[in-house]
Amino acid sequence: MVREATKTDLKEILQLYLFLHETEIPEDSERLRETWNKIMSDENHHLIVCEVEGKIAASCVCVIIPNLTRNVRPYAFVENVVTHGDYRRKGYGAACLNYAKKIAEEKGCYKMMLLTGSKEESTLNFYRNAGYNSVDKTAFIRWLD
């Protein structure tokens with residue numbers, strides 16, 4: 001079942017992020033709780049999960065960004081696409097991306113974007129198969145301390 005995360009999903013999502021790029025779960029702190037509450041209350045921030053037999057198997061974030069160009073149509077940015085190692089290659093990540101696409105369409109977005117740090121051909125093909133391309137735009141990133 002694909003759905004938007006609920007307040008009770010925090011612990012399991014943080015566990016899932018260990019399969020993304022995190023090396024440890026952040027300490028349960030006021031900052032963590034404030035950030036979680038901001039995410040949960042932001043109508044433009046959609047944390048999508050795919051639940052399999054009561055366990056969150058995959059997730060992604062879809063943020064709708066208001067925009068003054070393209071006839072004042074918003075765009076969507078997809079981030080933190082991750083599938084638990086035990087659930088890969090079963091379509092759960094793709095289901096999350098499809099759910100994000102549905103949200104973006106419902107919100108009138110004119111495009112969806114995502115970045116990946118992966119150079120793995122299987123990961124790049126996963127995004128291509130989900131309808132994304134790497135030829136229309138050039139991405140740059142600047143890391144901040």
Side-chain angles (χ1 to χ4, degrees), residues 1-67 73-145:
M1 169 178 69
V2 181
R3 60 176 174 79
E4 290 206 44
T6 64
K7 283 200 171 218
T8 61
D9 291 325
L10 175 60
K11 184 178 177 183
E12 201 169 351
I13 289 168
L14 293 175
Q15 287 281 339
L16 180 63
Y17 283 172
L18 293 174
F19 290 90
L20 186 60
H21 49 66
E22 297 300 304
T23 57
E24 61 185 36
I25 295 172
E27 178 183 332
D28 188 357
S29 65
E30 183 69 25
R31 182 173 175 223
L32 175 67
R33 294 288 170 182
E34 284 178 6
T35 301
W36 179 244
N37 289 332
K38 281 182 188 177
I39 290 169
M40 289 288 98
S41 64
D42 183 347
E43 67 180 21
N44 287 320
H45 198 131
H46 304 270
L47 204 164
I48 300 159
V49 298
C50 179
E51 189 177 341
V52 178
E53 297 175 356
K55 181 175 174 62
I56 295 176
S59 180
C60 74
V61 170
C62 177
V63 179
I64 307 300
I65 302 170
N67 181 39
R73 290 178 65 196
Y75 58 94
F77 191 79
V78 175
E79 184 62 275
N80 295 339
V81 180
V82 60
T83 301
H84 188 288
D86 295 340
Y87 294 91
R88 293 196 173 145
R89 300 191 179 276
K90 297 181 181 188
Y92 302 135
C96 289
L97 290 177
N98 287 335
Y99 195 95
K101 180 180 178 232
K102 181 180 170 189
I103 290 170
E105 289 172 335
E106 288 172 356
K107 299 293 183 179
C109 293
Y110 76 95
K111 71 177 177 183
M112 296 179 74
M113 298 185 300
L114 65 80
L115 299 172
T116 182
S118 177
K119 307 295 184 218
E120 299 270 338
E121 197 61 31
S122 61
T123 302
L124 302 178
N125 283 333
F126 167 75
Y127 291 123
R128 288 181 189 114
N129 290 336
Y132 293 84
N133 76 69
S134 58
V135 297
D136 290 341
K137 297 267 185 177
T138 301
F140 291 88
I141 188 165
R142 181 174 181 173
W143 297 103
L144 304 174
D145 291 334

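Note that the structure is a prediction, hence the values are computed from the model and not measured.
- The two residues Tyr110 and Asn67 come nearest to each other via the heavy atoms CE2-ND2, 3.5 Å.
- Within the 4.5 Å cutoff, side-chain heavy atoms of Lys7 are placed close to those of Asn37.
- When all heavy atoms are compared, the tightest approach of Ala5 to Trp36 is CB-CH2, 4.4 Å.
- The salt bridge (Lys or Arg N to Asp or Glu O under 4.0 Å) pairs that include a residue from residues 10-19 number zero, where partners must be two or more places apart or lie in different chains.
- The shortest distance between side-chain heavy atoms of Tyr17 and Ile25 does not fall below 4.5 Å.
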### Task
Output, in order, the C-alpha distance, side-chain angles, deciding distance and verdict of side chain to side chain contact (heavy atoms under 4.5 Å, CB included) for Arg3 and Val49.
CA-CA 6 Å; Arg3 60 176 174 79; Val49 298; 3.6 Å; yes
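- To the nearest 0.5 angstrom, Arg73 atom CZ is 8.0 Å from Cys109 atom SG.
- Taken to the nearest 0.5 Å, the CG atom of Leu97 stands 11.0 Å off from the CG atom of Asn129.
- Between Cys96 and Val81, every side-chain heavy-atom pair lies at or beyond the 4.5 Å cut-off.
- Side chains of Asn44 and Lys107: a donor-acceptor N/O pair is absent below 3.5 angstrom, by distance only.
- For Tyr87, the ring-ring contact (aromatic ring centres under 6.0 Å, His included) partners are His84, not counting sequence neighbours.
- Pairs engaging residues 108-122 under the salt bridge (Lys or Arg N to Asp or Glu O under 4.0 Å) rule: Glu121-Arg128 [sequence neighbours left out].
- Minimum interatomic distance between Ala100 and Cys60 (heavy atoms only, all atoms of both residues): CB-SG, 4.2 Å.
- Taking the side chain as every heavy atom from C-beta outward, Val61 and Val78 never approach each other to under 4.5 Å.
- Residues Tyr75 and Met113 meet the side-chain proximity criterion, which asks for heavy atoms closer than 4.5 Å.
- Here the closest heavy-atom approach between residue Val2 and residue Ala95 is recorded as CG2-CB, 3.6 Å.
- Pairs passing the salt bridge (Lys or Arg N to Asp or Glu O under 4.0 Å) check and including a residue from residues 25-37, sequence neighbours excluded, read Asp28-Arg33.
- Between Glu106 and Ile64, every side-chain heavy-atom pair lies at or beyond the 4.5 Å cut-off.
- Between atom OH of residue Tyr99 and atom SG of residue Cys50 there is a gap of 11.5 Å, rounded to the nearest 0.5 Å.
- His21 contributes no side-chain N or O that, together with a main-chain N or O of Leu18, makes up a donor-acceptor pair within less than 3.5 Å.
- Of the inter-residue distances, the one linking Phe126 atom CZ with Thr83 atom OG1 reads 6.0 Å to the nearest 0.5 angstrom.
- Nearest heavy atoms, Ala76 versus Ala104: CB-CB, 3.9 Å.
- Residue pairs satisfying the salt bridge (Lys or Arg N to Asp or Glu O under 4.0 Å) criterion with at least one member in residues 78-105, sequence neighbours excluded, are listed as follows: Lys101-Glu105.
- Using a 4.5 Å heavy-atom threshold, the side chains of Tyr92 and Val52 count as touching.
- At least one donor-acceptor pair under 3.5 Å links the side chain of Ser59 to the backbone N or O of Ile48.
- Remark: the Asp9 side chain and the Thr6 side chain contain an N/O donor-acceptor pair separated by less than 3.5 Å.
- At least one side-chain heavy atom of Thr116 sits less than 4.5 Å from a side-chain heavy atom of Leu124.
- The list of side-chain hydrogen bond (donor to acceptor under 3.5 Å, both in side chains) pairs with a residue in residues 133-145, not counting sequence neighbours, reads Asn133-Asp136.
- Annotation for Leu20 and Val82: closest pair N-CG2, 3.7 Å, computed over non-hydrogen atoms.
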